[in-house]
Amino acid sequence: MKITITEAGQHVGEEVTIGAWLANKRSSGKIAFLQLRDGTGFIQGVVVKSEVGEEVFQQAKSITQESSLYITGTVQEDNRSPFGYELSVSSIDIIAEAEDYPITPKEHGTEFLMDHRHLWLRSRRQHAVMKVRNEIIRATYEFFNDRGFVKVDPPILTGSAPEGTSELFHTRYFDEDAYLSQSGQLYMEAAAMALGKVFSFGPTFRAEKSKTRRHLIEFWMIEPEMAFYNFEDNLKVQEEYVSHVVQSVLANCRLELGRLDRDTSKLEQIKTPFPRITYDEAIEFLHKQGFDDIKWGDDFGAPHETAIAENYDKPVFITHYPTAIKPFYMQPDPNREEVVLCADLIAPEGYGEIIGGSERIHDRQLLEERIKEHKLDEEAYKWYAELRKYGSVPHSGFGLGLERTVAWISGVEHVRETIPFPRLLNRLYP
RNA sequence: UCCGCAGUAGCUCAGUGGUAGAGCAAUCGGCUGUUAACCGAUCGGUCGCAAGUUCGAAUCUUGCCUGCGGAGCCA
């Protein structure tokens with residue numbers, strides 16, 4: 001019977017066949033241990049010379065790393081295996097022999113591993129990170145579907161630059177200029193006016209020369225947008241969403257988190273409500289901490305965010321930023337025109353900002369003023385402004401960076417390990 | 001774009017002016033419970049590239065290239 005490695009527990013004592021690759025092997029004169037992986041998991045095959053005979057034993061000893069094979073044997077419970085089960089091998093059918101697999105079971109440098117990303121993905125650690133990423137995506141769909149959100153896909157090719165802030169990838173659209181999307185938000189606002197509560201999940205592109213552990217050139221964002229939701233409603237969705245995702249990973253990725261040596265006690269605490277501080281309070285706090293390189297009106301740098309986040313064992317919202325340093329579409333605080341109804345969510349343990357969100361301006365006149373103040377192309381934003389002409393309603397939304405979230409939850413240092421094929425500054429291969 | 005660090009065997013690194021080294025991988029042999037297995041042997045080099053200093057350069061100088069860490073910007 002053909003099974004996968006994760007199904008082994010249901011077939012104890014039975015003879016099964018598994019299609020697998022050889023991750024590593026160890027052998028002595030009369031016994032060989034084959035570390036097998038099939039994509040669903042890892043299991044150890046034990047080949048005993050006195051049981052299989054000379055021929056099969058020699059065959060087992062000679063299999064090279066990452067060769068593919070069908071392996072047949074009896075599933076046995078064994079607490080010496082970290083998985084809990086072993087395969088007592090009876091026969092091996094080699095599909096394709098691998099030659100000089102470059103990633104050996106020893107240390108490798110970043111450049112070498114990145115050059116071999118297509119193979120690096122096979123390693124236990126990368127396998128675990130990809131499973132966590134998948135669980136976060138699964139939990140995201142679950143969360144928003146359960147709450148009546150409709151998934152809407154905004155375009156990736158756009159004709160106008162949504163904001164002047166980020167560097168965009170330029171391309172041609174037949175005879176016109178076009179740009180790769182850096183955010184689907186404006187389109188999601190239109191979608192929210194049609195469908196009420198919507199969310200998107202897709203790639204975004206930033207042509208910034210950023211070279212840090214938190215930046216990718218191409219990364220994936222989840223962007224919910226909700227009609228009739230104010231600032232307060234927005235924060236509530238965010239904290240419920242983030243804690244749902246963390247609790248789902250804890251529930252469904254125990255094995256993977258263990259393999260990544262993630263301190264799960266820190267994740268257990270991620271439950272609503274999340275702490276909040278205002279921008280004003282954050283500035284005051286930073287001054288008390290001795291940061292004299294920042295004053296009211298400046299945006300926070302990474303060291304500032306980290307210093308603030310270190311006070312909490314949960315993600316923390318920083319709210320009410322100065323209007324001047326935030327995008328044109330954010331709703332000003334009715335009591336204080338100089339700040340906006342926005343919040344960034346900073347992850348604990350130094351992983352930085354994972355969410356940026358706000359209530360959006362729904363007043364037509366104010367939005368048009370802002371477009372002029374920011375010297376944006378009025379023609380290009382005509383459709384966006386028009387959303388306020390036909391039945392405008394208060395609405396809010398946010399964007400969550402998937403890779404930073406994966407990095408935080410899995411406890412990996414760098415976002416380049418959280419996406420299958422990272423696009424980085426100076427890296428487009430493989 | 002700026003600041004700092006690095007580039008030597010397939011991989012990870014040592015070698016700081018005088019014959020190019022180790023561990024791992026690979027190959028061969030040994031070992032009945034290995035966990036990056038272990039033990040012995042063999043194989044393995046344009047010392048990033050270019051120019052310069054010197055009797056002599058992996059080592060010192062200059063330029064360039066590549067990568068890493070960080071900043072800015074952002075999710």
Side-chain angles (χ1 to χ4, degrees), chain A residues 23-35 42 44-52 57 61-62 64-66 76 78-83 86 88 98-116 119-120 123-125 163-168 182-185 203-223 238 293 298-306 325-327 344-347 350-357 398-408 413-416 418-419 424-427:
Chain A
N24 195 12
K25 69 168 189 281
R26 284 176 277 274
S27 66
S28 62
K30 291 169 185 168
I31 189 165
F33 302 97
L34 307 178
Q35 312 300 322
F42 293 82
Q44 175 163 271
V46 183
V47 188
V48 179
K49 190 176 179 180
S50 61
E51 290 172 8
V52 298
F57 187 70
K61 282 189 78 165
S62 70
T64 54
Q65 191 190 357
E66 286 304 317
Q76 294 187 333
D78 196 316
N79 54 21
R80 285 173 290 191
S81 155
F83 181 69
E86 285 187 341
S88 182
E99 205 179 323
D100 291 330
Y101 187 71
I103 302 179
T104 61
K106 288 283 168 184
E107 285 173 24
H108 298 285
T110 305
E111 186 184 7
F112 180 80
L113 288 170
M114 289 303 297
D115 282 342
H116 296 86
L119 303 175
W120 189 21
S123 75
R124 282 168 193 265
R125 179 182 161 84
E163 300 164 49
T165 56
S166 289
E167 294 292 327
L168 299 174
Q182 58 144 12
S183 164
Q185 185 208 312
T204 47
F205 307 87
R206 305 272 166 95
E208 283 161 6
K209 307 224 167 178
S210 299
K211 265 182 76 170
T212 82
R213 72 183 72 173
R214 299 180 306 278
H215 288 87
L216 291 166
I217 303 301
E218 178 183 306
F219 66 98
W220 287 62
M221 260 208 299
I222 290 129
E223 294 185 283
Q238 290 173 44
D293 57 339
D298 294 339
D299 208 350
F300 299 125
H304 304 125
E305 282 182 356
T306 304
I325 55 169
K326 284 291 177 183
D344 285 354
L345 185 67
I346 315 297
Y351 285 93
E353 183 184 344
I354 53 171
I355 287 182
F398 63 96
L400 173 133
L402 179 66
E403 286 75 16
R404 285 187 185 177
T405 306
V406 176
W408 163 49
E413 277 276 305
H414 203 298
V415 289
R416 68 183 160 220
T418 65
I419 185 167
L424 298 160
L425 200 59
N426 304 325
R427 178 165 295 279

message: Please report the distance, rounded to the nearest Å, between CZ in R404(A) and P in C74(B).
response: 11 Å

query: Reckon T405(A) touches a base, only the sugar-phosphate, or nothing at all at heavy-atom distances under 4.0 Å?
result: nothing

- prompt: Would you say the side chain of H215(A) and the base of C74(B) hold a donor-acceptor pair, judged only by whether the two atoms sit under 3.5 Å apart?
  reply: yes

- prompt: Looking across every strand, which nucleic acid part, if any, lies under 4.0 Å from I103(A) by heavy atom: base, sugar-phosphate, or nothing?
  reply: nothing

statement: Note: for D100(A) and I354(A) on RNA chain B, the residue whose nearest nucleotide lies more 5' is D100(A)

message: For a quick test of reading the model, state the closest non-hydrogen atom pair linking A98(A) to T64(A) and the distance between them.
response: O-OG1, 2.5 Å

message: On a heavy-atom basis, which atom in E403(A) and which in L216(A) lie closest, and how many Å separate them?
response: CG-CD1, 3.5 Å

task: Once you apply the 3.5 Å cut-off to both distances, tell me the Watson-Crick or G-U wobble partner of G69(B), or none.
output: C3(B)

query: Rounded to whole angstrom units, what separation is found between the CD1 atom of I217(A) and the P atom of A75(B)?
result: 14 Å

message: Rounding to an integer number of Å, can you tell me how far K30(A) NZ sits from U32(B) C1'?
response: 7 Å

- prompt: For F33(A) and G33(B), is the gap between ring centres under 5.5 Å while the planes differ by less than 30°?
  reply: no

message: Checking E223(A) against S183(A): is there a side-chain donor and acceptor pair closer than 3.5 Å?
response: yes

- prompt: Is there a Watson-Crick or G-U wobble partner for G52(B) with both distances under 3.5 Å, and if so, which one is it?
  reply: C60(B)

Interatomic distance where NZ belongs to K61(A) and C1' belongs to A26(B) [whole Å]: 16 Å

field: Identity of whatever pairs with C38(B) - Watson-Crick or G-U, under 3.5 angstrom
entry: G30(B)

task: Using a 4.0 Å heavy-atom cut-off across all strands, classify T204(A) as base, sugar-phosphate, or nothing.
output: nothing

query: CH2 of W220(A) versus C1' of C74(B): gap in Å, rounded?
result: 20 Å

message: Of the options A36(B), U32(B), U34(B), whose atoms approach the side-chain atoms of P105(A) most closely?
response: A36(B)

- prompt: Is any side-chain heavy atom of W120(A) less than 4.5 Å from a side-chain heavy atom of M114(A)?
  reply: yes

- prompt: Quick one: Q65(A) CD to G10(B) C1', roughly how many Å, whole number?
  reply: 13 Å

- request: Tell me what F112(A) touches on the nucleic acid: a base, only sugar-phosphate, or nothing, going by heavy atoms under 4.0 Å.
  value: sugar-phosphate

query: Do Q44(A) and E86(A) have side-chain atoms, one donor and one acceptor, less than 3.5 Å apart?
result: yes

message: My understanding is that a pair needs two contacts under 3.5 Å, Watson-Crick or G-U wobble. By that rule, which nucleotide pairs with A14(B)?
response: none

field: Atom pair distance, as rounded to whole Å: CZ in R26(A) and P in U32(B)
entry: 17 Å

message: Which is more 5' along RNA chain B, the nucleotide nearest L345(A) or the one nearest S62(A)? Just name the residue.
response: S62(A)

- request: Encode nucleotides 66-71 of chain B as B, S and - characters from 5' to 3', where the letter depends on protein heavy atoms closer than 4.0 Å: B to the base, S only to sugar-phosphate, - to neither.
  value: SSBSBB

task: Could you check whether the rings of F112(A) and H108(A) sit parallel, tilted or perpendicular, using 30° and 60° as the cut-offs?
output: parallel

field: Given U32(B), C74(B), A75(B), the nucleotide with the shortest approach to the side chain of V48(A)
entry: U32(B)

Nearest-angstrom distance from the residue atom CD of Q182(A) to C1' of A75(B): 11 Å

field: Test item: R26(A) and I31(A) side chains (from C-beta on) under 4.5 Å apart, heavy atoms
entry: no

task: For residues M221(A) and T204(A), report the shortest heavy-atom separation together with the two atoms involved.
output: CE-CG2, 3.7 Å

- prompt: Is the base of U16(B) syn or anti, where syn means the angle lies within 90° of 0?
  reply: syn

query: According to the Watson-Crick and G-U wobble definitions, with both distances under 3.5 Å, which nucleotide is paired to C43(B)?
result: none

